[in-house]
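Only one structure is covered here, and it is reproduced in the block below.
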Amino acid sequence: MIKHLHICFAKEKSDSEGDVKLGKLYVIGIGPGSISHMTIRAMDAIKESNIVVGYNKYIDMIKPLLAGKEIFSTGMKGEEERCKRALELSNNKVVSIVSTGDSGIYGMAGLIHQLRVDEEVEVIPGVTASSAAASVLGAPLMHDNCNISLSDLMTPYELIQKRVKLAAEGDFVISLYNPKSTGRPHYLRESIDIIRKYRIGTTPIAVVKNALRVGQAVRISTLDSFDDEIVDMLSIVIIGNSQSYVKDGKFITPRGYKV
Ligand code: SAH
């Protein structure tokens with residue numbers, strides 16, 4: 001059905017403008033990093049693509065799917081260049097631009113749509129880091145929860161701190177993305193200090209590094225005993241709400257069922 005609409009659109013364009021548009025841009029979330037956790041739709045779109053665009057490390061994660069394809073990859077902070085290139089190439093080729101996790105969560109979908117919105121751009125969702133980490137931990141996100149990125153590249157630190165405070169006050173389970181980098185080593189510690197004003201010291205907190213991909217490591221502790229030593233940019237940190245607890249090594253946030 002969608003394919004049919006797509007063909008009609010291309011034909012209409014050729015009638016009115018004499019210019020057949022053959023291109024397509026898939027904005028793909030590849031999931032946490034192992035091919036078995038990608039969606040079938042994401043895999044099919046990559047198979048269909050002539051060109052795949054992405055950050056070097058993400059391209060490496062899907063290498064087995066890329067035989068015979070043209071690759072355009074750049075290093076960190078090359079997001080704008082990658083998006084513009086992908087849009088350009090998609091004028092007459094089938095192109096996939098890939099993000100890890102979900103492309104709509106700190107991924108490429110936003111910038112692509114800011115630059116262009118039309119029928120030829122399709123966003124394909126993926127398993128985001130908080131869901132991947134939650135599956136490893138047990139069921140920590142079972143009630144209302146939110147994502148906060150501690151990266152100040154796009155967001156002023158004062159606003160990040162305000163969001164951490166309000167999420168803590170609102171008793172949300174909190175997933176911290178981009179939790180710690182060498183350029184801002186104290187933000188995580190300072191965020192935990194804010195959260196501690198609203199949560200008791202026994203509240204569970206977990207670090208999951210490389211969730212559902214090679215190098216996975218998990219540490220569950222409490223706000224009182226939390227040590228941020230192992231946390232880096234390959235990790236996500238999840239802080240429980242006032243009802244969360246740990247049982248037999250699993251981090252659980254009850255939803256309200258009486259058991
Ligand atoms: N679009 C991605 C997020 C990109 S921001 C998504 O939806 O998951 C990058 C941050 O995501 C990292 O610093 C880390 O905090 C988190 N992250 C991404 N993949 C992860 C994984 N497999 N394990 C743990 N954290 C991950």
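Counting convention: from 1, in listed order, for ligands and their atoms alike. Position 1 is the first residue of the sequence; numbering continues from there. All values below were derived from every heavy atom in this structure, side-chain atoms included, with hydrogens, water molecules and symmetry-related copies excluded. Just so you know, these numbers come straight off a predicted model, no measurement behind them.
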Assess whether side chain to side chain contact (heavy atoms under 4.5 Å, CB included) is satisfied between Ile46 and Met38, documenting all intermediate values. CA-CA 11 Å; Ile46 289 173; Met38 268 174 83; 3.6 Å; yes

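- Inclusion of Val208 in the set of residues having an N or O under 3.5 Å from an N or O of ligand 1 is not warranted.
- Using modelled atom types and a 3.5 Å distance limit, the side chains of Tyr106 and Ser151 yield no donor-acceptor pair.
- The proximity of Ser103 to ligand 1, defined as any non-hydrogen pair under 4.0 Å, does not occur for either the backbone or the side chain.
- For atom 12 (C) of ligand 1, the nearest protein heavy atom (residue, atom name, distance) is Met233 O, 3.1 Å.
- Electrostatic pairing of Arg41 and Glu122 counts as a salt bridge here, judged by a charged N lying under 4.0 Å from a carboxylate O.
- Remark: minimum distance from atom 11 (O) of ligand 1 to any protein heavy atom is reached at Tyr177 CD2, 3.4 Å.
- Remark: among candidates Asn210, Leu150, Asn178, the nearest residue to atom 5 (S) of ligand 1 is Asn178, based on non-hydrogen atoms.
- Note: no N/O pair closer than 3.5 Å links Pro179 and ligand 1 by distance alone.
- Taking 4.0 Å as the cut-off between side-chain N and carboxylate O, Arg85 and Glu81 do not count as a salt-bridged pair.
- Judged by distance alone, the side chains of Thr222 and Ser225 do bring a donor and an acceptor atom under 3.5 Å apart.
- Partner Ser73 forms a side-chain contact (heavy atoms from CB on, under 4.5 Å) with one of Ile59, Asp60, Val52, Val98 and no other, that one being Ile59.
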Walk me through it: do Thr100 and Tyr55 pass the test side chain to side chain contact (heavy atoms under 4.5 Å, CB included)? CA-CA 9 Å; Thr100 55; Tyr55 170 44; over 6 Å; no

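- Nearest non-hydrogen protein atom to atom 1 (N) of ligand 1 is Ile105 O, 2.6 Å.
- In the vicinity of Ile236, heavy-atom distances shorter than 4.0 Å reach the ligand 1 atoms 24 (C), 25 (N).
- Of the polar atoms of Ser99, none of the N or O atoms is found under 3.5 Å from an N or O of ligand 1, judged by distance alone.
- Ranking the protein heavy atoms by distance from atom 24 (C) of ligand 1 puts Leu234 O, 3.3 Å first.
- Looking at ligand 1, you'll find an N or O of Thr128 within less than 3.5 Å of one of its N or O atoms.
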Show the numbers, then the answer: is there a side chain to side chain contact (heavy atoms under 4.5 Å, CB included) between Tyr187 and Ser181? CA-CA 9 Å; Tyr187 286 13; Ser181 76; over 6 Å; no

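- By the 3.5 Å distance cut-off applied to N or O atoms, Val127 is not counted among the residues near ligand 1.
- Atom 4 (C) of ligand 1 has as its closest protein heavy atom Tyr106 O, 3.6 Å.
- Residues Thr253 and Asn241 have side chains that never bring a donor and an acceptor to within less than 3.5 angstrom of each other.
- In terms of protein heavy-atom proximity, atom 22 (N) of ligand 1 is nearest to Ala211 O, 3.1 Å.
- Interatomic distance, Thr128 OG1 to Asn147 CG, rounded to the nearest 0.5 Å: 6.0 Å.
- Considering every non-hydrogen atom in both Ile192 and Leu223, the closest pair reads CG2-CD2, 3.9 Å.
- Among protein heavy atoms, atom 15 (O) of ligand 1 sits closest to Ser235 O, 2.7 Å.
- Between Tyr58 and ligand 1, no pair of N/O atoms sits closer than 3.5 Å.
- Closest protein heavy atom to atom 8 (O) of ligand 1: Ala129 N, 2.9 Å.
- The distance criterion of under 3.5 Å between nitrogen or oxygen atoms is not met by Lys209 with respect to ligand 1.
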Start with the C-alpha gap between Asp193 and His186, add the side-chain angles, then the distance that decides, and say whether side chain to side chain contact (heavy atoms under 4.5 Å, CB included) holds. CA-CA 11 Å; Asp193 287 344; His186 308 302; over 6 Å; no

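- Residue Thr100 has at least one heavy-atom neighbour below 4.0 Å for each of these atoms of ligand 1: 1 (N), 2 (C), 6 (C), 7 (O).
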